[in-house]
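For the numbers below, each heavy atom of this structure counts, side chains included, while hydrogens, waters and symmetry mates do not. Letters A, B, ... are given to chains in the order of the sequence lines, protein chains preceding strands, and every chain is numbered from 1.
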Amino acid sequence: MPELPEVENARTVIARAGLHRRIVDVDDHDTWVCRPHPPGQIRAALVDRELTVAHRRGKSMWCETSEDGPVLGIHLGMSGKIVVADADGTEVDGGDYWERGRAAGDYRYARFALTFADGGRLMLVDPRRLGRIRLDPPIEELGPDATAITPEQFRAMLGRGTAPVKARLLDQHAVAGIGNLLADDILWRAKVHPGRPVDELTTDDVSALLRATRYAIRTSVRDGGVHTLGSLKLRGPDGRCPRDGSPSEHGVYGGRTTWFCPVDQRR
DNA sequence: TATAGTGTTATCGG
DNA sequence: ACCGATAACACTAT
């Protein structure tokens, strides 16, 4: 269930195991995941080419292809994973990132796959089909990547409007790469209430939010996931604030369940 | 058995 | 036109 760190891991899986291999077949029959492309369109565009570079911005990935081919956009959605397997189905890379209880070689949720000349495959495995594969994705519509955002860009991103700050942090057009758990961690760390309208943030709030964003993104990427974030302790009916031990509260902001400390994070 | 969910986007309303 | 809220997508975990 990817946040930015897991997407970066997936990008490295592609970079390690999916580049410079001739594509001989493409399974693009899932027209929901591959929308708006009709079946066969992505296949026709990729067969006999290779992936040459794997990029990431926020939670979106894209690969350049050989011979001035199209760009292949990959988004993992909420349940997608990249798995590279050998011709016999043995996982070569990405296979350690998997839900419990799956039998080895069970690719029933592969929604898209590239087959290489040696029979190996690169798959988007995605039970919920919330992931997305498309040609020439509109990367330029994304905000600056959360790992590289400058203070000026950060201030501009929060800038105008009446949106709850949590909703703005989740807006991939404003800043790319902050998901629900990272947003809660950033707000908790900065001691800002998730429902505060962005145009009511003080200069100190903005500074604290920038520092918290830097910290949360850096440490979660370093740890390979968001599982080490302190704010996770806020979640659930028995959730408590790791700083002061007070019971957490929750609500919906920006359409997502939000857990916060009512003592630290006042309106 | 019922409900919520680490994401995005089309659509609707103000 | 801009901004924000909501539903939908399909399956799993609790």
Please determine whether a side-chain nitrogen or oxygen atom of A:S79 lies at a distance below 4.0 Å from atom OP1 or OP2 of C:dA10. no
When rounded to the nearest 0.5 angstrom, what distance separates CZ in A:R267 from CZ in A:R196? 9.0 Å
Close residues, residues 171-186 of chain A, relative to DNA chain B [heavy-atom separation under 4.0 Å]: A:Q172, A:G179, A:N180, A:L181
Using OP1 and OP2 only, check whether a side-chain N or O of A:H75 sits under 4.0 Å from B:dT8. yes
Tell me which nucleotide among B:dT8, C:dA5, C:dA10 gets nearest to the side chain of A:A167. C:dA5
Give one of base, sugar-phosphate or nothing for A:R235, where a contact means two heavy atoms less than 4.0 Å apart. sugar-phosphate
Under 4.0 Å between a side-chain nitrogen and a carboxylate oxygen: does that hold for A:R121 and A:D27? no
Short side-chain donor-acceptor distance under 3.5 Å, A:D205 and A:T202: yes
Closest to the A:Y109 side chain: C:dT12, C:dA5, B:dG7? C:dT12
Round to the nearest Å and state the distance from A:R35 atom CZ to C:dA8 atom P. 15 Å
Could you tell me how far apart A:D126 (CG) and C:dA10 (P) are, to the nearest whole angstrom? 11 Å
Looking at every non-hydrogen atom in both residues, tell me the closest pair between A:V198 and A:R168 and how far apart they are. CG1-CB, 3.8 Å
Any chance you could encode DNA chain B as dot-bracket? Rule is Watson-Crick or G-U wobble with both distances under 3.5 Å; [ ] for pairs crossing earlier ones, | for another strand. .||||.||||||||
Between CG of A:L170 and C1' of B:dG7 the distance, given in whole Å, is 10 Å
From CZ of A:R256 across to P of C:dG4 the rounded distance in Å is 17 Å
Between atom CG in A:L76 and atom P in B:dT9, what is the gap in whole Å? 13 Å
For A:V221, the option from A:D223, A:I217, A:T219 that meets side-chain contact (heavy atoms from CB on, under 4.5 Å): A:I217
Salt bridge present between A:K81 and A:D126 (N-O < 4.0 angstrom): no
Report yes or no: is there a donor-acceptor pair, N or O only, under 3.5 Å between the side chain of A:R132 and the base of B:dG7? no
How many whole angstroms separate atom OH of A:Y107 from atom P of C:dC11? 20 Å
Please state how far atom NE2 in A:H250 lies from atom C1' in B:dA4, giving the value in whole angstrom units. 11 Å
Begin from the C-alpha positions of A:D244 and A:S246 and carry the test side-chain hydrogen bond (donor to acceptor under 3.5 Å, both in side chains) through to its verdict. CA-CA 6 Å; A:D244 59 27; A:S246 47; 2.5 Å; yes
Between A:R56 and A:D145, is there a side-chain N and carboxylate O pair less than 4.0 Å apart? yes
Which sits closer to the 5' end of DNA chain C, A:R111 or A:A163, going by the nucleotide each is nearest to? A:A163
Donor-acceptor pair, side chain of A:R35 and main chain of A:W32, under 3.5 angstrom: yes
Within less than 4.0 Å of OP1 or OP2 of C:dT12, is there a side-chain N or O belonging to A:R128? no
Nucleotide B:dA4, atom C1' - distance to CE of A:M78 in whole Å: 10 Å
Provide the full list of ring-ring contact (aromatic ring centres under 6.0 Å, His included) pairs with a residue in residues 187-211 of chain A, sequence neighbours left out, each pair given once. A:H193-A:Y253, A:H193-A:F260
What integer number of Å spans the P atoms of B:dT1 and C:dC9? 23 Å
Which of C:dT12, C:dC9, C:dA10 is nearest the side chain of A:L130? It is C:dC9
What nucleotide, of C:dC11, C:dG4, B:dT8, holds the atom closest to the side chain of A:R168? C:dG4
With a 4.0 Å cut-off on heavy atoms, is A:R129 in touch with a base, just the backbone sugar-phosphate, or nothing at all? sugar-phosphate
